Participant: 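Mind having a look at this structure? Questions to follow.
Keep in mind the model is a prediction, meaning the values are calculated, not measured.
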Amino acid sequence: LHPVLPSRPRRVRARAVMSSYDEVDLEDMEWNAELGAFTFQCPCGDVFQITPAELRAGEEIAHCPSCSLVVTVVYEDDDLKELIPEGF
């Protein structure tokens, strides 16, 4: 008989499965200085938002603060240098 060793808890990395409402080019989004974010109109009447810090961190999902919809933001690294206002 083999001794039963205590099992170590397994770390399971859960990824949220999220479907995107649409894909939007960063160039098609509007800069909102008040929010400090790029925005795009959401069907619910609010706007999807993504900040320069999120984009620099590699984030591609813009969230609407009023509903559960999200959009995938499509951009190239060069777009960030061109489109993000100085100071952000």
Participant: When hydrophobic residues are tied together by side-chain contacts of less than 4.5 Å, even through go-betweens, does Val47 share a cluster with Phe88?
Facilitator: no

Participant: Among pairs that include at least one residue of residues 74-88, which meet side-chain hydrogen bond (donor to acceptor under 3.5 Å, both in side chains), considering only residues two or more places apart or in two chains?
Facilitator: none

Participant: Give a yes or no on whether Leu55 and Val70 share a hydrophobic cluster (residues Ile, Leu, Val, Met, Phe, Trp, Tyr; joining criterion: side-chain heavy atoms under 4.5 Å apart).
Facilitator: no

Participant: In chain order, what residues pass the side-chain hydrogen bond (donor to acceptor under 3.5 Å, both in side chains) check against Gln49, with sequence neighbours excluded?
Facilitator: none

Participant: Please find the pair of heavy atoms, one from Phe38 and one from Pro85, that lie closest to each other, and give the distance.
Facilitator: CZ-CD, 4.5 Å

Participant: Hey, are the side chains of Cys44 and Leu69 touching, using non-hydrogen atoms and a 4.5 Å cut-off?
Facilitator: no

Participant: What pairs of donor and acceptor atoms, side-chain ones from residues 22-34 against any protein atom, are under 3.5 angstrom apart with sequence neighbours left out?
Facilitator:
| residue | atom | partner | partner atom | Å |
| --- | --- | --- | --- | --- |
| Asn32 | OD1 | Glu34 | N | 3.0 |
| Asn32 | OD1 | Leu35 | N | 2.8 |

Participant: Minimum heavy-atom separation for Cys64 and Cys42, please, with both atom names.
Facilitator: SG-SG, 3.7 Å

Participant: Honestly curious: do Ile84 and Val73 fall in one hydrophobic cluster under the side-chain, below-4.5 Å linking rule?
Facilitator: yes

Participant: Report the hydrophobic cluster partners of Val74, with the cluster defined as I, L, V, M, F, W, Y residues connected by side-chain heavy atoms closer than 4.5 angstrom, directly or transitively.
Facilitator: none

Participant: Holding to side-chain contact (heavy atoms from CB on, under 4.5 Å), I want the full list of residues that pass it with Glu59, two or more places apart in sequence or in another chain.
Facilitator: Ile50, Glu54, Ile61

